[in-house]
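All values derive from a computational prediction rather than experimental measurement. Here is the naming used below: chain letters follow the sequence lines, and residue numbers restart at 1 for every chain.
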Amino acid sequence: MAALATGGPVRSEGVPTSFQRKGAAGGGGRLAVLPGTRPSLRRGQLLLSSGIPSLDSVLGGGLAIGTLLLIEEDAYGIYSNLLFKHFLAEGIVCGHNLFIASAKEEPADILKELPSPFLNTVSAMEEATAMKCKQDSQESMKIAWRYQNIPKLEVTQMTSSKCGHYFDLSKPLASELRQNIGWHGFFLPEETTLCHDISSCNMASGYTRLLHSIQKVIYQEGFGGSTPQKKQRNILRIGIQNLGSVLWDDDICCNENPQNIYSLTRFLYALRGLLRTSLSACIITIPSHLIQNKAIMERVTNLSDTIVGLESFMGSERETNPLYKDYHGLIHIRQIPWLNSLICNVSDTKDLAFRLKGKLFIIERLHLPPDLSDTVSRTSKQDLAESTKLLSSGCSAMAIGKKHLDF
Amino acid sequence: MLGKLAAGGAEGLLLIQDSVSCEGRTLLKSFAAASAQRGECVQVLSFDIPEEEFKAGFSAAAASQLLYHDAFRDPLGWTGQGCGLALEEFGTSELVARLTATTAGPSTVVLDSISWLLLRLPFPRVCQVLAQLPKRAKVAGLKISRIVALLHGDLHQTGQLEALHTLARVVVKVEPAPEPVPGGDGAARVAVTLHRKTGGKVMQKKEYFTVLPDFILKCLGELPEGGVSREENDQEVPVTVDPAANLTFNLRLSEAERQAKESVPLPYQFSEEKKSSLLQTPANLGKIYYEPDAADDVDEEDPDDDLDV
C-alpha cells in the first residue's frame, strides 16, 4: 500500500484539470498545422515522436522541435541502430524530410532497411491492450477480492496522445512510401573523394563538411526559422549514425589524448545552433563506451538536449541473470531538457528496460516477475533481492494483477 | 562455429587476435588455405614475415592460388625498385588498383599483420581503408568477399582494440588451452569467437581447435561455459522430490470431496451485492490521508515482517 500512496502525487500530473493553457490546448494554434507534430500541453512547444511511443512517453510526450536526441550506443550497436531507424521511419510515415548521415553504411541502404509501420494503427493497438486489461479485471478474485478495484500498474509506458506509430521490425518499409519523401544523404567516404582539397589540411574535416551540408539543406529547402515561407512548411529530421567513431576520421575513440579533442564538441555546438533556429530535430548515435577520455563525453552531454543510454545484455553476464530474463537490455534516461520551464519532465520510475516483443520494440518499467513456486524459501531469494535493491517498490502492486496469485 | 567461419560462413572483416602466449598465424593460414580450396583467389599483403616463410607449409594446389604482395622486404621504398608494396601505398584507391590488376574473381584479402600498419599509420586511416576497401573494389569490378587480418593484441591499447572490434564482423581471440584436451595432440588452442550476424544477432562461442598439416582446421569441441553455474544446477536437482509421496495419511482430495469443500462458505466470503457495495468507494465520505510521522517505526526493507511466521 505504501507504493500506491507514494505513486499518487506523481501520477496526478496526467489527470486533466479544468485549468488549461490558452491556445495551445485548443489544437487550433498556428503551430499545429505541421504534419506529424502535436503541441505540448504543458510547455507550449511543438513535439514530434521518436518513432517509439513508449520512449516518447518516457521523455515527456516526445521530442521538441529544434532539439537534439543523443543515443549512447550499446556494446554492439544493434539496439541503438534500431532507435535510429525508428526515428527516420516515423519521419517517412509523417511525410517529413530526412537528412541521413553516416560513415559506415550508405544512406540509401539505411533508407531501404527502415521498418514498416503496422497497418492497424495506434488506436487499434491500444484497443487491443485495453481489451486485454478488461478481460483480466473481469475475472473476479475469490479471496483477495478487496484488491479488485485497485488500478493495475502500467507496465508499458503508454502515450496519452496518438502521435507516434508502431513499427514492425521484420518488414522493410514499402518502396512507395519511400519514394514520396524528400531526403538527403551524406556518406562520408563519398564526400571525401569528391573534394580532396580540404581533407589534407584538417584532420576532422568530416564534421565541417557535414555541418556545411546540413546548413545548405536547411537554408535552401526552407527549414530555417527566420526565412518567411509562402508554401506549406515541413519538418526536417536529421539522423547521424555512429558519430565520433574512427570512420569519421576522429581519434577520440582510440586515444585518451586525441589530437583534435575539440572537433566533435565544436561540431555539436554549431549543430545545436542550427537546430534551434530551424524546423528540425536531430538524432545522433555515439559510441560512448569507446570514447577514452571521459571529459569529452561530459562536454558532449552538456551540448545535447535529450540523452538516452542503451545497455544491452548481449554478451554480458546479465543475460543469464534471472532478474533480466524477460528483457533485452536496460535503457537509461540520462538527461531530459527543461525547455520553457524550470523543471524537466520527470518520469516516476528510473528503472526502464527494453525488449523486442515479437517484432515490436518497447520500453517497459523493470520489475520482478512474481515468484509462484512453493518451494522457494525466503533465504534463497536473498541474492535476487540484493540485485534488485535499486528497483522501485512497484513490484508488490504488480503481483496483484497476475492471475494465479490469489492470497 | 570456427569451422563454419573458415568454410566461408562470414563475409566482411575477420580479425584474428593473438598474443605472445599464443600465436594465431597458423589459424590465419588455415583460413587462407580454406579460401584457396574453395577456388577463391587469396591476396596476401604481408608485412611481418618474408614470402618464403609465409608460403611454407601450404599444399601445392593452395600455394598456386596465393597472390603475394610483398611489403616485408622494402616497406619504405628505400631501394627504389618499387616491386613490393610500400607503406604509402596503403590507401584505398592505391590498394584497389593493386588488387584489381592481378585478378577479377572473388577474392580473400589476407593481412599479415594489421598491427604493423597500426603502429606506423594513423589509426583512423587504417580503419577507413579496411571499411572502404570492399565497397571501392566492388565499384572497380572486384569482389572482395572477406578480409582476414591478424592482430597482435598485446601491441595495442584496449581502447584501440575495442574500436577495431566494432568494425569487424568476426573477432577470433586465440588463447592457450588451460588443460590438455582429449583428442588433441597437445597443440590445441582455445578460440573465443564473436560473430556479428547480418540480422543483428551476435553469437559468442569458446572452442578448442588445432591446425593440422596443410593448414587444415580441426575443431575439438566447445568449452563448457562457466563451470561454476553448472555445479549450482546439480545442487538444485534433488529439491524437486514430492514430499507428499510416502505418507501414512491422506492428503489428496477426490473430486466429490473437493466440491464439498468448495461449497462451504468461508467467513470472509460475502455475497456479490455486499462485495460490490464494499468495493465502491463512497463519493462523499471521508478519506484517510496519511502523513508519515517522524516517530513512525516503519521497516522499509520488510513492511510486513510480523507476518513471517
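Using modelled atom types, no side-chain atom of E162(B) and backbone atom of L290(A) make a donor-acceptor pair closer than 3.5 Å.
Residues of residues 144-156 of chain B placed with any heavy atom under 4.5 Å of a heavy atom in chain A are absent; none qualify.
A side-chain contact (heavy atoms from CB on, under 4.5 Å) with P124(B) is found for one member of D249(A), I252(A), D250(A) and no other, namely D249(A).
In this structure, Q160(B) CD and N255(A) CG are separated by 6.5 Å, a value rounded to the nearest 0.5 Å. Going from atom NZ of K201(B) over to atom CE of M314(A) covers 8.0 Å, rounded to the nearest 0.5 Å. Taking CZ of F187(A) as the start and NZ of K135(B) as the end, the distance is 4.0 Å to the nearest 0.5 Å. Expressed to the nearest 0.5 Å, how far OH of Y76(A) lies from OG1 of T166(B) amounts to 11.5 Å.
With sequence neighbours excluded, the residues forming a ring pair (Phe, Tyr, Trp, His ring centres under 6.0 Å) with F267(A) are Y207(A), listed by chain and number. The ring pair (Phe, Tyr, Trp, His ring centres under 6.0 Å) test applied to F313(A) returns Y324(A), not counting sequence neighbours. Residues meeting the side chain to side chain donor-acceptor pair (under 3.5 Å) test with Q17(B), sequence neighbours left out: H165(B).
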For this session: Show your reasoning for whether side-chain contact (heavy atoms from CB on, under 4.5 Å) applies to D251(A) and F123(B).
Result: CA-CA 7 Å; D251(A) 54 354; F123(B) 187 85; 6.0 Å; no
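Neither the backbone nor the side chain of L161(B) comes within less than 4.5 Å of any heavy atom in chain A. Proximity to chain B involves both the backbone and the side chain of L247(A), based on heavy atoms less than 4.5 angstrom apart. Heavy-atom distances place the side chain of L167(B), and not its backbone, under 4.5 Å from chain A.
A pairwise comparison of heavy atoms in G159(B) and Q292(A) identifies CA-NE2, 3.2 Å as the closest pair. The two atoms that bring C253(A) and A163(B) nearest to each other are O-CB, 4.2 Å, heavy atoms only.
Around atom NZ of K294(A), more than 12 heavy atoms belonging to other residues, nucleotides or ligands sit under 6.0 Å away.
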